[in-house]
Amino acid sequence: MHDNNLPLSNFIRDIILKDHVSGKYGGRVRTRFPPEPNGYLHVGHAKSIVLNFGLAKEFRGECNLRFDDTNPIKEETEYVQSIIEDIKWLGGDFGDRIFYASDYFSQLYLWAIELINKDKAYVCDLSSDQVRETRGTPTQPGHDSPFRDRSVEENLGLFERMKNGEFPDGARTLRAKIDMRSPNLNLRDPVIYRILHAEHHRTGNQWCIYPMYDWAHGESDSIEGITHSICTLEFEDHRPLYDWFLEQLGIFHPQQIEFDRLNLTYTVLSKRKLLRLVEQGIVEGWDDPRMPTISGMRRRGYSPEGLRNFARSLGVSKTNGITEFEKLEYYIREDLNKAAKRVMAVLRPLKLVLTNYPEGQVEFVEAINNPEDASAGTRPLPFSRELWIEQEDFLDVPPKGYHRLYPGNEVRLRYGYIIKCQNVVKDPATGEILEIQCTYDPDTRSGQRTRKVKATIHWVSAVHAIPVEVRLYDKLFTTENPNNVPGDGDFTMYLNPKSLEVVQARAEASLASARPCDRYQFERLGYFCADRCSAAGRLVFNRTVELRDTWAKLQKKI
RNA sequence: UGGGAGGUCGUCUAAUGGUAAGACUGCAGACUCUGGAUCUGCGUAUCGGGGUUCGAGUCCCUGCCUCCCAGCCA
């Protein structure tokens, strides 16, 4: 078993380690996690959070939380709240260092004026269509805007009037004066301010010009004294621009480093697509347990530790790959196995009667709460004549290798007795199995040295069991890469119609005290988590992940 | 066909000129009062072709393939 707390080596850590020992930035390490509050965080962000906060912690530095809130049209306070909650839940420690790019709007404005004064920026009257037309293409150079050579004074005046709200949206922009013939499209006089008469979630109507990402991001990093600005691969082309702005201004210059974003099989991880799932009502909301969002996974029952271990196991590189969903499930199970209390619950109940067990008699058997943790202790379980067992644990005609109950066969009732199937009661009209009649062997009570049988099945006492609703979740998509759609198709064509099944189950009575978010293992079935809507009178559990099931796997192969 | 970045077991990641390693998956087995967990075993993977070198996944040349970039999104 590997040690999950060991710092894993990766190329970014190598760079930081080198800078740390060489004394660059005074040996100081400061990273940042810069989400845009335009959606909920997902498992891909978890990778970035673990990386950024982990690196800061390892080198005794800090990681700031900074909201990249430069686009008032898409951003909302609800997202800010959810992001803060999700990072905390995951264990990211930002202390009181919650910042907003919008905190720096005034400074950014002043710096823009500085750029104009240095003849490195100009006000352009071209429409967005015209800008696109003059930008050129990847293979053809662009050409200069007719407004490129305005005087500093004119630019200053126009820019101030832009700020003062004298022009409608889109009428003008402030652009950096770099090189319209650059092979890097980002350097072809990129827009740095646009006019947007929109209310901002924090600055309200104070501004009607808003900085673009490229202009705001590096400068925000600089203001906060970020040493290593870690972002995803698609920003590689932006690094020259990131550097250019900093150089023009002559301010503190953080280092941008790009790494590969997480892709997961059977999953979409783009905020645009996730937003669609929410808005079209395909899922219940951002925290639907089928969503790859952090809040969805939390509601599903994933533990922060499990998610962190998964994120750490990912590694960091510049290769564009797709991680198998099974790897995520492995780390979730690994953590839950250690921590989750075991209970018995029957998802699809089938009546079982012990014909030789006295009517009305109840005895208590001792059940182990967690075989992985002796300190979790034991609990008494009521045992009686009539029980519920799992429908799939009985088969009238068993296939080869099936060890569970069938006519004439013996199995052990977990923590109870060995029983033998004597009779099957069926509906004469439909052939539906109504009841299984068995005899129990009084000499085989759990805890004694008795003979062995091939299978142990779970059960609950019919009179003692409580009804619970269980939501069985499955993958949201039926294909490994839902992003890869043929022709003019849409990723929703791969939606799994069976991603949610609700069953009315019977559970041991101890589950009555389950509080929302409590995690359990339902023995032989999987890990389950009390939903946030679960209450004493109406218990609801979400299936987090199934147990590994080698029998089911064998069946599939046939 | 411009620029940028990549190509190592099925998947993800290591190896920083010196025995190609680990995790996940898969398969086989042991153990088991969870067909869980645990344990054991199983790996012809360096994109191709040249070159440098005693020695190349690593360095050089060349070809091929993949991803990203033409928002007043981030």
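The sequence lines fix the lettering, A, B, ..., with proteins before strands; numbering per chain opens at 1. Because the structure is a prediction, the values reported are computed rather than measured.
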For [X] and [Y], indicate whether the former's side chain and the latter's backbone hold a donor-acceptor pair under 3.5 Å.
X: A/E366; Y: A/P380; result: no
X: A/T378; Y: A/I368; result: no
X: A/D189; Y: A/R175; result: no

TODO: State whether the aromatic ring of A/H217 stacks on the base of B/A74, taking stacking to mean ring centres under 5.5 Å apart and ring planes under 30° to each other.
DONE: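 No.
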- [ ] Return the stacking result for B/G35 and A/W551: yes when the ring centres lie under 5.5 Å apart and the planes under 30°, no otherwise.
- [x]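 Yes; centroid distance and tilt both under limits.
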Open item on the list: Going by ring pair (Phe, Tyr, Trp, His ring centres under 6.0 Å), name the residues that satisfy it together with A/Y266, two or more places apart in sequence or in a different chain.
Closed with: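 Per chain and number, A/Y266 pairs via ring pair (Phe, Tyr, Trp, His ring centres under 6.0 Å) with no residue.
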Open item on the list: Checking A/F99 now: which residues fulfil ring pair (Phe, Tyr, Trp, His ring centres under 6.0 Å) with it, not counting sequence neighbours?
Closed with: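 None.
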Say you pick atom [atom1] in [N] and the same atom in [M]; how far apart are they, in whole Å?
N: B/G51; M: B/A14; atom1: P; result: 31 Å
N: B/G36; M: B/C31; atom1: P; result: 14 Å
N: B/C67; M: B/U8; atom1: P; result: 14 Å
N: B/G71; M: B/G10; atom1: C1'; result: 38 Å
N: B/G18; M: B/U25; atom1: P; result: 32 Å
N: B/C27; M: B/A20; atom1: P; result: 29 Å
N: B/U40; M: B/G49; atom1: P; result: 38 Å

- [ ] Select base, sugar-phosphate, or nothing to describe what A/Y210 touches, counting heavy atoms under 4.0 Å on all strands.
- [x]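 Touches nothing.
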- [ ] Remember a base hit wins even if backbone is also touched, and classify A/P371 as base, sugar-phosphate or nothing at under 4.0 Å, heavy atoms.
- [x]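 If one applies the 4.0 Å heavy-atom cut-off, A/P371 turns out to touch a base.
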Side-chain N or O of [X] versus OP1/OP2 of [N]: is the shortest distance under 4.0 Å?
X: A/R194; N: B/C73; answer: yes
X: A/S182; N: B/G3; answer: no
X: A/R524; N: B/G35; answer: yes
X: A/Y330; N: B/C24; answer: yes

Task: Selected nucleotide, minimal atom distance to A/T550 side chain, candidates B/C68, B/U34, B/G35 - done: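 Nucleotide nearest to A/T550's side chain: B/G35.
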Task: Of the listed nucleotides B/A74, B/G3, B/G36, the one nearest the side chain of A/L547 - done: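 Among B/A74, B/G3, B/G36, the one nearest the side chain of A/L547 is B/G36.
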TODO: Produce a footprint string for nucleotides 11-20 of chain B: one letter per nucleotide, 5' end first; B if the base is under 4.0 Å from any protein heavy atom, S if only the sugar-phosphate is, - if neither.
DONE: SBSS-B----
Open item on the list: My understanding is that only residues two or more places apart in sequence, or in another chain, count here; which of them pass side chain to side chain contact (heavy atoms under 4.5 Å, CB included) with A/R276?
Closed with: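 Testing A/R276 for side chain to side chain contact (heavy atoms under 4.5 Å, CB included), a comparison that skips the adjacent residues, returns A/Q280, A/D490, A/F491, A/T492.
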Which pairs, protein N/O on one side and nucleotides 26-30 of chain B N/O on the other, fall under 3.5 Å?
residue : atom : partner : partner atom : Å
B/G26   : OP1  : A/K553  : NZ           : 3.1

Open item on the list: With a 3.5 Å limit on both atom pairs, tell me what B/G55 is paired to, counting Watson-Crick and G-U wobble, or say none.
Closed with: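 Paired with no nucleotide.
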Task: Base partner of B/C27, which must satisfy Watson-Crick or wobble distances under 3.5 Å - done: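 When the pairing criteria are applied, B/G41 turns out to be the nucleotide that pairs with B/C27.
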- [ ] Go through residues 124-145 of chain A and report each residue with a non-hydrogen atom lying under 4.0 Å from RNA chain B, sorted by number.
- [x]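 Going residue by residue through residues 124-145 of chain A, the ones with a heavy atom under 4.0 Å of RNA chain B turn out to be A/L126, A/S127, A/S128, A/R132, A/R135, A/T137, A/P138, A/T139.
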